[in-house]
Number of protein chains: 4
Amino acid sequence: MGKLESNKKKKKNALYTTAFDLFTTKGIAKTTISDIVESAGVAKGTFYLYFKDKYDIRNKLISHKTGELFYDAHEALLQAHLTDFNDQIHFIVDYILTQLEKDHNLLVFISKNLAWGIFKGAFEEKITTETDEDYHFYQSFLDLLALSGRTFRSPELVLFTIIELVGSTCYSCILYSQPVTLEEYKPYLHDSIDALLNTFSEKGDVCP
Amino acid sequence: MGKLESNKKKKKNALYTTAFDLFTTKGIAKTTISDIVESAGVAKGTFYLYFKDKYDIRNKLISHKTGELFYDAHEALLQAHLTDFNDQIHFIVDYILTQLEKDHNLLVFISKNLAWGIFKGAFEEKITTETDEDYHFYQSFLDLLALSGRTFRSPELVLFTIIELVGSTCYSCILYSQPVTLEEYKPYLHDSIDALLNTFSEKGDVCP
Amino acid sequence: MGKLESNKKKKKNALYTTAFDLFTTKGIAKTTISDIVESAGVAKGTFYLYFKDKYDIRNKLISHKTGELFYDAHEALLQAHLTDFNDQIHFIVDYILTQLEKDHNLLVFISKNLAWGIFKGAFEEKITTETDEDYHFYQSFLDLLALSGRTFRSPELVLFTIIELVGSTCYSCILYSQPVTLEEYKPYLHDSIDALLNTFSEKGDVCP
Amino acid sequence: MGKLESNKKKKKNALYTTAFDLFTTKGIAKTTISDIVESAGVAKGTFYLYFKDKYDIRNKLISHKTGELFYDAHEALLQAHLTDFNDQIHFIVDYILTQLEKDHNLLVFISKNLAWGIFKGAFEEKITTETDEDYHFYQSFLDLLALSGRTFRSPELVLFTIIELVGSTCYSCILYSQPVTLEEYKPYLHDSIDALLNTFSEKGDVCP
DNA sequence: GATGAATGAGCCTTCATTCAT
DNA sequence: GATGAATGAAGGCTCATTCAT
């Protein structure tokens, strides 16, 4: 990679990094392109060499950050050597909740724009890893499922339902402690997830 | 009511109506106060006589519209003469989903700003009805619960969980048909609600 | 005086009082007519029954407040039974400075608009006293002068020079302690006044 | 100097020039930023590139114009080859009065905002001259004093007293011919200045 | 006389976007 | 590719003034 090209990448990355910082700190609406380029230390015109406008860089960031979060969760799961499918799901949910509780700004940034469509986009987004392999969360989920020997009426709808439930309730609990704190809500959440998994399971074999 | 006072109310209502129309049509961010007053046929200064800014009128509209929706659902429920608690919950959910599917703009408007805090605020908002009684949805929910003879580990968390689940999944299904259409998702949704109600029920007597 | 008429006077006085308070507190530029009528507890239209605009009420207040200050100084002088003219001038200057140092807002209000023209207008303004006699400071000054047996090249210019000197230097000393505090400046001020009085005195008989 | 940079300076200067014209013509309060940029022939946003608001450009103009006036007076003094300190002071006063009488707008503009603090700021302002030396009026005053061999109780207070006296009386005489015209007042003014200089002189050797 | 809702001209300020360098 | 001065449309908001009641 030539020096010039690397310089190019450096500027683009600076824009990404500062944009994310500002979006999560001041909010997207109140972040101006002037803010971004000033913090990034590049000229205003440079921004337009890489992005169409503020929403272009925002969308790219959301996909990237969401994918990264799930990728990390999956990596951690591999280290945990869990074999039970339910346990794996709970592990991933807990991992993500822990991350989000550590970083409220990230939660706001991701959730405000969280819809299944974007989520799925994020899952399918190539997460370029150090080994340059692409990572797709949705495929990983299906893999876990296959290994578990479990079958569901509609795997996609199970995942959809759980993700929406988790995202939606935890947004409120983490950010506003409404109606209760995340710590208080977690037991109910995991019970709810179990209930959903059982309901959608084709062999109703896990009714406790 | 004097002529002056009725005129005053007329202007305020015109602002409410046009603001809602514009918010749901063009989105809040792209609606300017100039747009609102122009459509409402009042002067700019008049807006500031009644509202602090754009977000003031938005918040008041959200509370009002959300409260109205639940109030209508509850009214319809009373006509339906259902006695089973689960049936009642399903009825309300169906009623609201039907309304929202009929009015995507309302769905967008309400959901984009839907958090339990606001929701509860809306529930507690006095919906002044034609009979001048106040209506509080949350209290109605507790009343239904009491009549049913059922008990839950935490009634508030049940309601919270169901509302978040319904709101979040249906937003995606209705607006984007993602991952499936509302019609396709409904059976899963109702199964999920049953699963949750059973799980939180203190006497696990409804496991089907 | 009829009840209605007294009510009328009451409103006008309320406007005067609150306008002065607001002018001295927030400054004239930042005081709006809305502020005034709101604090005064009268309707907006009422303001326009008595005053042309903000500057009308301001000008009337300046004349009144300035005249009042000199009237009070003169009253105090009468109690002091001083016979020497120089002493009388020093007494009045000290009296006024003391008042202004006690009330910086009054100083700002008066001085910002202090020019000999307005000053003289204030002097000539009828200060309606409790005995309903009119009071004119400039005439009093001439009276003092006549009684003293002193003569000046131009009495009016002496007064003008002294008032401008006092007003201008003390504004700076009182409000900003620039270049020194009023207390530090006073000895120089009184020496300066003596020097001016001697210089303008037709018989240079007071050179110390 | 690059073409771009010279263009930049040109715009800024255009703003300064037109702002000063408008401020002195219509008054600061009635001059809007729209007026300024329109007259200057630049876009509105350009104004905010160089100044924070109307008062920012005003303050910068006051300092600059005041400093310039004193600088010019001092330059003229050097040409006049006067050796006596009193003569030098009278020369400077006359020079400045002549300038101000020629340019009432400048007088209004400077005086309305004249306080010792600002004055001193203006004196200390670097007046970048064609020879690129800095000029400080207050220091020049001290230099003149030192050369004269005279000593005063407090040089700063002498200067303060004289400047306030001159500024304050002449404002009235020049602008309103109140109580007399400047021409009529000048003899009294110079006598007053002499009286003050003598009074503050540590060796009372100049009593005429 | 008194009211105060309504007006709307007009101000300040921001900021995405362009383009000559 | 990179710059950043310049733009000017557009928005938010204020407030003196009016006039029907």
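First the proteins, then the strands, lettered A, B, ... as listed; each starts at 1. None of these values were measured; they are calculated from a predicted model.
With distances taken from any side-chain atom of D/Asp53 to the nucleotides E/dA6, E/dT13, E/dT17, the minimum falls on E/dT13. With E/dT13, F/dA16, F/dC13 as the candidates, the nucleotide lying closest to the side chain of C/Lys44 is F/dA16. Checked against F/dA16, E/dA16, F/dG11, the side chain of A/Thr32 finds its nearest nucleotide in E/dA16. Of the candidate nucleotides E/dT7, F/dG12, E/dT3, E/dT7 has the atom lying nearest to any side-chain atom of B/Leu49. Each of F/dT17, E/dA5, F/dT7 was ranked by its minimum atom distance to the side chain of D/Lys11; first place goes to F/dT7.
Atom pair C/Lys30:NZ and F/dC15:P shows a separation of 10 Å (rounding to whole Å applied). What separates NZ of D/Lys26 from C1' of E/dC11 is a distance of 12 Å, to the nearest Å. Regarding A/Leu15, its CG atom lies at a distance of 13 Å from the C1' atom of F/dT3, rounded to whole Å. Atom CZ in D/Phe51 sits about 14 Å away from atom P in E/dT13, given to the nearest Å. We find that CG of C/Asp56 is positioned 14 Å from P of F/dA16, with the value rounded to whole Å. Rounded to an integer number of Å, the gap from A/Asp35 CG to E/dA16 C1' is 12 Å. In this structure, C/Ile57 places its CD1 atom 13 Å from P of F/dA16, rounding to the nearest Å. If you take CD1 of C/Ile33 and C1' of E/dA6, they are 16 Å apart, rounded to a whole angstrom.
Here NZ of A/Lys12 is found 6.0 Å from NZ of A/Lys60. Values are rounded to the nearest 0.5 Å.
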Test A/Asn105 against A/Phe23 for side chain to side chain contact (heavy atoms under 4.5 Å, CB included), laying out the working first.
CA-CA 9 Å; A/Asn105 288 333; A/Phe23 285 165; over 6 Å; no
Mind running ring pair (Phe, Tyr, Trp, His ring centres under 6.0 Å) on D/Tyr16 and D/Phe20 for me, showing each step along the way?
CA-CA 6 Å; D/Tyr16 266 131; D/Phe20 181 71; over 10 Å; no
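A/Lys30 has no carboxylate O lying under 4.0 Å from a charged side-chain N of A/Asp35, or vice versa, which leaves the two without a salt bridge.
The shortest distance between the side-chain N/O atoms of A/Thr46 and the OP1/OP2 oxygens of F/dT3 is below 4.0 Å.
Comparing A/Val42 and C/Tyr48 against DNA chain F, the residue whose closest nucleotide sits nearer the 5' end is A/Val42. Each of D/Lys52 and A/Gly45 was matched to the nucleotide of DNA chain E holding its nearest heavy atom; the match closer to the 5' end belongs to D/Lys52. Between C/Ala29 and D/Ala43, it is D/Ala43 whose nearest contact on DNA chain F lies nearer the 5' terminus.
Checked options D/Leu15, D/Thr46, D/Thr32, D/Thr18; the residue passing with D/Val37 is D/Leu15 (criterion: side chain to side chain contact (heavy atoms under 4.5 Å, CB included)).
At the heavy-atom level, C/Phe47 lies nowhere under 4.0 Å from the strands shown. Residue D/Tyr50 is classed as a sugar-phosphate contact, given heavy-atom separations below 4.0 Å to backbone atoms only.
Both distances falling under 3.5 Å, in either a Watson-Crick or a G-U wobble arrangement, place F/dT21 opposite E/dA2.
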